[in-house]
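Heads up: the structure comes next, in structure tokens.
Reckoned from all heavy atoms, side chains included, excluding hydrogens, waters and symmetry mates. Quantities reported herein were computed from a predicted structural model and do not represent experimental measurements.
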Amino acid sequence: MTQTFQTWGLSYEWAWGLATLAGILLIALPLMLGVAMIIYADRKIWAAMALRKGPNVVGPFGLLQSFADGLKVFLQETIVPSASNKALFLIAPIITFTVALMAWAVIPFNSGAVLADINVGLLYVLAMSSLGVYGVVIAGWASNSKYPFFSAMRAAAQMISYEVSIGFILICVVLWAGTFNMNGIVMAQKGHVFGLINGFVANPLLFPMWVLFLISGMAETARAPFDLTEAESELVAGYQTEYSSMSFALYWLGEYANVLLMCALNAVLFWGGWLPPLDLPFMYIVPGFVWLLLKILFFFFIFSWVKATVPRYRYDQLMRLGWKIFLPFSLLWVVIVSGYLMAIGHFA
Amino acid sequence: MIQTLAFYLFATMVIASGAVTILARNPVHSVLWLILAFFNAAGLMVLVGAEFIAMLLVIVYVGAVAVLFLFVVMMLDIDFAELRAGFVKNFPLGLLLAVVLFVELFVGLIVRSAGPMKLGTPDGAAMTGVGQSNIEAIGALLYGKYLFLFEASGIILLVAMIGAIVLTHRQRSDTRGQNVSRQNARRPEEATRNVKPEVGQGVVL
């Protein structure tokens with residue numbers, strides 16, 4: 001895009017600046033629209049599985065429900081509890097929202113269509129997702145209220161527990177791909193199995209890692225069945241209890257942007273990202289970002305499906321799953337995968 | 001130009017947030033300022049072309065270590081009067097620390113006059129060669145040249161971890177824990193029984 005701007009007679013610096021700004025808007029605006037629609041989709045799927053109708057009043061089929069909700073919270077009064085730590089109370093939702101958007105900078109939407117094509121892309125995603133917990137923890141502490149505080153404690157422990165195994169899972173992918181660059185990882189999956197199927201998931205050695213990644217992703221984004229941080233039967237609304245108006249809406253947007261990011265990571269790391277599912281010439285007629293979008297929507301359906309059907313974990317079960325099952329298993333798998341790659345001379 | 005601006009931005013932020021870390025009254029604020037300092041230090045690392053170290057700094061220190069700090073500090077019951085009362089008692093220790101730090105700074109200055117170390121520069125002159133990324137360069141060093149030192153540090157950390165577990169672990173007999181494998185192994189037919197009592201007879205439990 002920088003070249004396009006340069007052909008308009010701009011200097012390299014200005015062209016680069018404009019191209020980056022345009023890239024940010026091209027990602028952030030559709031993402032926000034997507035989040036609004038995905039909240040609607042989530043509610044519809046959830047309702048369908050509970051044999052309800054779901055939102056169906058605002059607009060055709062209730063399509064405008066999210067926008068109506070957005071307008072409603074926008075017009076509400078922002079309530080700041082008098083005993084809270086005001087500055088931190090207001091910064092916390094902004095951190096959650098900003099970090100949720102920042103990680104999207106390295107997601108490749110097509111060959112070359114990536115905002116920041118850095119060679120530590122995957123580490124950047126890990127770094128940003130580990131920052132996400134601060135929004136929750138700071139909110140819990142700054143609210144100066146019991147239930148948000150419990151929620152913050154849970155969130156901190158939960159995120160750290162699952163990040164460890166996510167790290168090991170990603171190492172397996174990186175070993176196979178030989179790069180941390182997101183586009184490089186996508187390209188490494190081209191014709192991965194029999195030169196036909198695009199995606200690490202069809203590889204029997206990496207399939208268990210994908211299953212682990214999907215479950216860890218749910219825990220990392222605090223989605224059901226791991227939504228202990230906002231378990232309404234125990235903690236009112238968790239860290240969001242004291243929030244209202246736009247600061248509350250920022251949590252919602254940030255949370256769903258994070259869920260979409262997790263879906264996109266599933267697609268990019270294991271399902272071939274913007275590549276079509278099969279490495280056949282006619283499948284490349286459909287543009288790459290459409291394939292990526294379809295995969296993201298597929299994974300979002302799985303997330304919703306799980307939310308609608310699986311009961312919430314107990315907290316000690318959550319910790320046990322993370323530390324006693326996922327961690328040893330993924331650690332063992334790193335040894336197996338690296339041993340196998342060594343044996344077949346993958347690194348030669 | 002923009003590198004210089006970014007360098008001064010990051011450097012100022014590191015120093016300022018570092019200073020506020022020790023000046024802030026509230027320990028939680030201190031930790032949050034410390035996190036900001038870490039984050040800006042990562043920015044400096046990116047500037048000198050060490051993006052791998054920068055990301056590790058954010059993942060390990062900001063994402064894990066600082067969260068645990070915050071976790072502990074948040075649970076403190078802060079009594080400001082007591083904090084000030086401890087000032088006189090801890091003053092000699094603080095003074096000692098200050099002297100040690102000052103001497104270190106002084107030694108550092110003397111060493112520096114003997115000629116600067118070749119560190120990274122903001123223009124990226126210290127970047128690894130073309131075609132070799134940060135990760136590859138560090139990997140080749142850690143798993144090649146410094147393999148035994150690397151393994152030794154790993155073993156030291158492992159020993160420290162096991163030591164911490166051994167020191168803090170205790171078998172408690174006064175609490176009722178859950179044995180998950182036993183719970184999973186339990187079958188409905190062992191735990192329940194289906195009876196059809198006669199009307200008016202009831203069931204003997």
Original post:
In terms of heavy-atom contacts, does CH2 of W33(B) have more than 12 from other residues, nucleotides or ligands at under 6.0 Å?
Top reply: no
Original post:
Non-hydrogen atoms of chain A under 4.5 Å away: do they reach the side chain of A66(B), the backbone, both or neither?
Top reply: both
Subject >> Atom pair CG/CD1 of L123(A) and I59(B) - distance to nearest 0.5 Å >> reply: 4.5 Å
Subject >> Flag if over 12 foreign heavy atoms under 6.0 Å of CZ, F329(A) >> reply: yes
Subject >> Spacing of CE belonging to M55(B) relative to CG belonging to L122(A), to within rounding of 0.5 Å >> reply: 11.0 Å
Original post:
If you look at every heavy atom in G63(B) and E163(A), which pair is closest and at what distance?
Top reply: O-OE1, 4.1 Å
Subject >> Non-hydrogen atoms of S130(A) and V58(B) that approach each other most closely >> reply: OG-O, 4.4 Å
Original post:
Counting only heavy atoms not in F38(B), do more than 12 sit closer than 6.0 Å to its CZ atom?
Top reply: yes
Original post:
For atom CZ of R186(B), is the number of surrounding heavy atoms from other residues, nucleotides or ligands below 6.0 Å larger than 12?
Top reply: no
**OP:** Tell me, for V137(A) versus chain B, whether the close heavy atoms (under 4.5 Å) come from the side chain, the backbone, both or neither.
**Re:** both
**OP:** For residues H29(B) and L88(A), determine if any side-chain heavy atom of one lies less than 4.5 Å from a side-chain heavy atom of the other.
**Re:** yes
Original post:
Would you say Y61(B) has more than 12 foreign heavy atoms packed within less than 6.0 Å of its OH?
Top reply: no
Original post:
So which heavy atom on F71(B) is nearest to which on A156(A), and how close?
Top reply: CD1-CB, 3.5 Å
Original post:
Can you say whether L126(A) sits under 4.5 Å from chain B via the side chain, the backbone, both, or neither, judging by heavy atoms?
Top reply: both
Original post:
Between I35(B) and chain A, which part of the residue has a heavy atom less than 4.5 Å away: side chain, backbone, both or neither?
Top reply: side chain
Original post:
Do other residues, nucleotides or ligands put more than 12 heavy atoms under 6.0 Å from F150(A) CZ?
Top reply: no
**OP:** Determine yes or no for a side-chain-to-main-chain donor-acceptor pair under 3.5 angstrom, with Y134(A) supplying the side chain and V62(B) the backbone.
**Re:** yes
Original post:
Should the heavy atoms of other residues, nucleotides or ligands under 6.0 Å from OH of Y315(A) be counted, would the total exceed 12?
Top reply: yes
Original post:
Do V180(B) and R320(A) come close enough that some side-chain heavy atom pair is under 4.5 Å?
Top reply: yes
